[in-house]
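Structure, as structure tokens:
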Amino acid sequence: MTPKLLLDALLPLMTDLSRELPDSERYRRLLDTLRMLFPCDAAAFLRIDGDVLVPLAITGMLSDTMGRRFRINEHPRFRAMLSNIPPTRFPPNASLPDPYENLLQCKSGEPTARDCLGVQVTMSGRPWGLLTLDAVGQTSFDGVDIGTLQSFASLAAATVSAAEQLHSLAEASAQERARAEVYRLASNHSQREPLGQSAAHKRMLKEVRLLASSNVTVLISGEIGVGKKLVANAIHAASLRARKPFISIDCVTLPETQADSELFGHVRGAFPGAAGDRRGKFELADGGTLFLDEVGALPLPVQARLLQVLQRGQIQRVGSDDEHKVDVRVIATSHRNLAEEVRQGRFRADLFNRMSVYSLAVPPLRERGQDILLMAEYFLEENRSRLGLQGLRLALEAQQALLGYSWPGNVRELEYLITRSVHKALGQHAQRPSTLLLSETDLGLMSESRDRALPETDVPTGDAPDTSNETLAPPLQNELDLTTGYTLREAVDAYERQLITSCLARHGGNVASASRELGLDRANLNRLARRLGLK
């Protein structure tokens, strides 16, 4: 065969490498080209799958061959072909049994003796499959150029590699589209709206409306559980970006080794396991809002790269030299005092200045008065609907207990408390009631609520009141000295620190028991203790 004829035969096949084709069509064209180059009456392309060979494409064979699975240890010809890199030939008089016996399309009166060739297809230096050729006659393959056949096997491997890469890209693209759709739907779903009628809540909503009309970066501060993400969502929903994605990322749970990839994306081969290109959160949020929850938890090297993106509006995927322009509004939150984090060297001063173009403080639940009952009713209705109850209400003393509690875990703690109390109350009924009334006992906040609700009265001089029937809580050790000039926040933190320390001491360090006494979810107690610097 002349070089020109060889090139003419191979050119369409090489063109197919960059085309999106069904695998069956791609492999059929491969065998058609094989039969053009080499004189054969039948050919097959087989892939190794464990201990069997699976036909991917056939020509000149009965159609049911595609359904066969050839066990390699049962077919010595296949074993021989897979053990030799050069093509292996089995002439018509070969003693080893033919795996294609009775599977070739033979014309009536045609001789049954066949000349057979098999060449190994390797991927990454390991056997991947086989190309086999069968021809009727004693000397059909005498003039075959073995080097050309081996080169064709390399082209077959390239065809497989191209198919797998196209599959990988298509799958990655589908995953990205699915992820983007999930984010889009999540941003369009009915979100909980910030509820409240208190003066503190109204002041916050006024700032939300102001921020919605601009594109400035916002830093939302507030204690754990006050609903900072809810406020960020409200800003996005009221802005001109409302129809674009609202993408969130929890910086606390973000490992440093994955932070760059999660935020900025990566290209295939950027690091071990990077099988394909991937867009980061900034690209997914293009045109919309990126919510960085607890931004203070980001490692310093990631903070530096985040600052560059905020300043330039361009991101660079890990492993790539190309830059992508993005239009993203960033809203970040932190329950930490970031100014103090800057002083301690744990947060970049330049990033803090860039992030805090506008700072919005979300008030703690204990400062919102009757809003506590408003939100409690909302969570009650959620539970009523979910559990299929006709009615679910709070008794008067239960309402007073909620108003008297300090809510160190804020709105999140209130939500968990209501859900837990509803299930606790249901468990006390042998038969499921249609209407449920939550009592103060169901809430489990009696002791602290009662203490906080007691009016301040002057104790008259004379005989001390009889307290023989009262159970007094053990006094706090090292009680807070309020004459030392604490700010309100410092005084509250110091009191909470003493209260938790004392409670843990009474329970021998058992966090579960202490959390029950304090009326807190265990996870909330752990988070509060970490914030207060307790180990």
Euclidean distance, Leu290 CG relative to Glu283 CD, rounded to 0.5 Å: 12.0 Å
Leu437 atom CG, over 12 foreign heavy atoms within 6.0 Å: yes
Test side chain to side chain contact (heavy atoms under 4.5 Å, CB included) applied to Leu254 and Asp250, step by step: CA-CA 7 Å; Leu254 194 61; Asp250 185 353; over 6 Å; no
Shortest non-hydrogen contact between Ala401 and Leu443, atoms and distance: CB-CD1, 4.5 Å
salt_bridge(Asp286, Lys281) N-O dist < 4.0 Å: no
Flag side-chain contact, heavy atom, 4.5 Å: Asp322 against Gln316: no
Close side-chain approach of His201 to Pro194, heavy-atom, < 4.5 Å: yes
Salt bridge Glu377-Arg393, side-chain N to carboxylate O under 4.0 Å: no
Taking every non-hydrogen atom, the tightest pair across Ile372 and Leu414: O-CD2, 3.7 Å
Test log, rule side chain to side chain contact (heavy atoms under 4.5 Å, CB included), inputs Leu389 and Thr435: CA-CA 6 Å; Leu389 298 171; Thr435 301; over 6 Å; no
Rounded distance (nearest 0.5 Å) linking atom CG of Asn233 with atom NZ of Lys228: 14.0 Å
Donor-acceptor pair, side chain of Arg268 and main chain of Gly276, under 3.5 angstrom: no
Interatomic spacing from CG in Leu499 to CG in Leu532 - rounded to 0.5 Å: 10.5 Å
Aromatic ring pairing Phe282/Phe264, orientation class (parallel under 30°, perpendicular over 60°, tilted between): parallel
Spacing of CD belonging to Glu440 relative to OG belonging to Ser421, to within rounding of 0.5 Å: 11.5 Å
Distance-only polar pair, side chains of Tyr405 and Glu413, donor-acceptor under 3.5 Å: yes
Any side-chain heavy-atom pair of Phe291 and Ile247 under 4.5 Å: no
Electrostatic pair Asp293:Lys229 at N-O distance under 4.0 angstrom: no
Side chain proximity check, Phe246 to Thr289, heavy atoms < 4.5 angstrom: yes
Spacing of CD belonging to Glu382 relative to CD belonging to Glu415, to within rounding of 0.5 Å: 6.0 Å
Crowding at CZ, Arg126 (>12 non-hydrogen neighbours, <6.0 Å): no
More than 12 heavy atoms from other groups under 6.0 Å of CD on Gln311: yes
Nearest atoms (heavy-atom pairs only) where Ser439 meets Ala395: CA-CB, 4.3 Å
Side chain to side chain, Leu438 and Leu380, heavy atoms closer than 4.5 Å: yes
Criterion side chain to side chain contact (heavy atoms under 4.5 Å, CB included) on Arg317 and His324, from CA distance to verdict: CA-CA 8 Å; Arg317 291 182 181 179; His324 301 268; 4.2 Å; yes
Side chain to side chain contact (heavy atoms under 4.5 Å, CB included) assessment of Val216 paired with Arg329: CA-CA 7 Å; Val216 298; Arg329 182 191 195 165; 4.0 Å; yes
Check: Val511 main-chain N/O paired with Ser515 side-chain donor or acceptor under 3.5 Å: yes
Exercise: identify the closest heavy-atom pair between Thr122 and Ala157: O-CB, 3.4 Å
Identified side chain to side chain contact (heavy atoms under 4.5 Å, CB included) counterpart of Gln303 within the set Val295, Leu351, Asp350: Leu351
For a quick test of your reading: what N or O donor-acceptor pairs under 3.5 Å do the side chains of residues 423-433 make, sequence neighbours left out?
unit_1, atom_1, unit_2, atom_2, d
His423, ND1, Thr419, O, 2.9
Arg432, NH2, Leu387, O, 2.3

Side chain to side chain, Asn353 and Arg348, heavy atoms closer than 4.5 Å: no
Whether Phe347 and Phe352 hold their rings parallel, tilted or perpendicular, with breakpoints at 30° and 60°: perpendicular
Ile48 to Pro127 - nearest heavy-atom pair and separation: CD1-O, 3.7 Å
Between NE2 on residue His266 and CZ on residue Arg278, distance to nearest 0.5 Å: 6.5 Å
Beyond-backbone contact of Met204 with Val362, side-chain heavy atoms, under 4.5 angstrom: yes
Which atom of Leu402 lies closest to which atom of Ala376, heavy atoms considered: CD1-CB, 3.9 Å
Name of the residue among Ile220, Thr217, Leu219, Leu210 meeting side chain to side chain contact (heavy atoms under 4.5 Å, CB included) with Tyr358: Leu210
Expected output: side-chain Asn410 to main-chain Ile224 donor-acceptor under 3.5 Å: yes
Within-4.5 Å side-chain heavy-atom neighbours: Glu323 and Gln314: yes
